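This structure is a prediction, so every number in the text was calculated from the model and none was measured. The chain is numbered in sequence order, starting from 1.
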Amino acid sequence: MKSRNPVLILVTIFLSQSGIVLSEDPPLPPWYPLKPWEISSLRAHNPAKSPYDANATSLELTIANPYWIPAGPAPHASGGGYVVFDKSTANCDVHWKEDSQTPYGYLKDTCNSSQTSSTRAEWNITINQIHDDPAHYMDLTFTLAYHLYAYGQDMYKMMAGSIHVQVGDNLEGGCDDDGLCSYSLKNGSAPLLVQPTLQECRLACG
């Protein structure tokens, strides 16, 4: 059996620990297909009283990109090596009261996300629609922007994905006699999958 070059082995170990992956496969568009993001928890409630005025609604959810995504080429690697953006998890905590000043689709908020020494991840959530007819549902859009500086290059990607959640489908809950409404992910439905698409890119764009 042909022995491996010990120098290459050491370089591979170093690059792996530095957030760099060496690919032995022929080069392909490195960002495609993007794998789905995962929503592991979602809770929405509409209390009669809150710090955000009567009938204000709150939405809390956790979303993650559980995969590495190619960021750009690693010039010291061989065989199609590339630097990767790290996996990322975000917690979104949104409070709103829909009115003429804040129509749906204009409510965009940032989500607290995990950061690493090599990758900066910026998550945002937009509430597109919330209705109760024929059943309570929400249309949400997420964006994830990645930044990484390596090998003198500013590597960047921005992705977006949307999801429709509805009672009876992937949500459960309702309102009590006091008008308090609460909803959560339907038992057994987690994680909900959100398919992202590439919106903006710098390096490793396929």
Verdict with supporting geometry, Thr197 and Gln195, side chain to side chain donor-acceptor pair (under 3.5 Å): CA-CA 7 Å; Thr197 57; Gln195 180 60 52; over 6 Å; no
Atom of Pro196, atom of Val194 and distance for their closest heavy-atom approach: CD-O, 3.1 Å
Note, Ile127 side chain near Val94 side chain (heavy atom, < 4.5 Å): yes
Within one Ile-Leu-Val-Met-Phe-Trp-Tyr cluster: Ile39 and Tyr67, side-chain cutoff 4.5 Å: no
Less than 3.5 Å apart, which donor and acceptor atoms pair up between the side chains of residues 157-176 and the rest of the protein, not counting sequence neighbours?
from	atom 1	to	atom 2	distance (Å)
Lys157	NZ	Pro70	O	2.8
Lys157	NZ	Leu203	O	3.3
Lys157	NZ	Ala204	O	3.0
Ser162	OG	Thr141	OG1	2.8
His164	ND1	Asp139	OD1	2.5
His164	NE2	Gln166	OE1	2.9
Asn170	OD1	Gln166	N	2.9
Asn170	ND2	His164	O	3.4
Asp176	OD1	Asp178	N	2.9
Asp176	OD1	Gly179	N	3.1
Asp176	OD1	Leu180	N	2.9

Interatomic spacing from CG in Asn91 to CD1 in Ile63 - rounded to 0.5 Å: 11.0 Å
Nearest atoms (heavy-atom pairs only) where Phe85 meets Leu148: CE2-CB, 3.6 Å
Test log, rule side chain to side chain donor-acceptor pair (under 3.5 Å), inputs Thr110 and Trp123: CA-CA 6 Å; Thr110 58; Trp123 287 88; over 6 Å; no
CD on Glu200 to OG1 on Thr143, rounded to 0.5 Å: 9.5 Å
Partners passing side-chain hydrogen bond (donor to acceptor under 3.5 Å, both in side chains) against Tyr183 (at least two apart in sequence or in another chain): none
Pair listing, salt bridge (Lys or Arg N to Asp or Glu O under 4.0 Å) test, anchored in residues 112-128, at least two apart: Arg120-Glu122
Closest heavy-atom pair and its distance - Pro66, Pro36: CD-O, 3.9 Å
Partners meeting side-chain hydrogen bond (donor to acceptor under 3.5 Å, both in side chains) with Gln153 (sequence neighbours left out): none
Candidate pair Ser113 and Gln115, rule side chain to side chain donor-acceptor pair (under 3.5 Å), full reasoning: CA-CA 6 Å; Ser113 58; Gln115 305 294 328; 2.8 Å; yes
Smallest separation among heavy atoms of Leu144 and Trp37, with atom names: CB-CZ2, 3.7 Å
For Val83 against Pro73, the heavy-atom pair lying closest together: CG2-O, 4.3 Å
Partner residues of Asp93 under the side-chain hydrogen bond (donor to acceptor under 3.5 Å, both in side chains) criterion, sequence neighbours left out: His95
Separation between SG of Cys111 and CD1 of Ile125, rounded to the nearest 0.5 Å: 5.5 Å
Connected via hydrophobic side-chain network under 4.5 Å: Trp68 and Leu193: no
Over all atoms of both residues, closest heavy-atom pair of Met138 and Ala44: CE-CB, 4.3 Å
Backbone of Pro191 reached by a side-chain donor or acceptor of Ser40 within 3.5 Å: no
From Leu192 atom CG to Leu185 atom CG, the distance as rounded to the nearest 0.5 Å: 5.0 Å
Residues which pass side-chain hydrogen bond (donor to acceptor under 3.5 Å, both in side chains) with Ser41, listed by chain and number, not counting sequence neighbours: Thr62
Atom pair OG (Ser118) and NE2 (His147), whose distance is rounded to the nearest 0.5 Å: 13.5 Å
Tyr146-Asn65 side chain donor-acceptor pair, cut-off 3.5 Å: yes
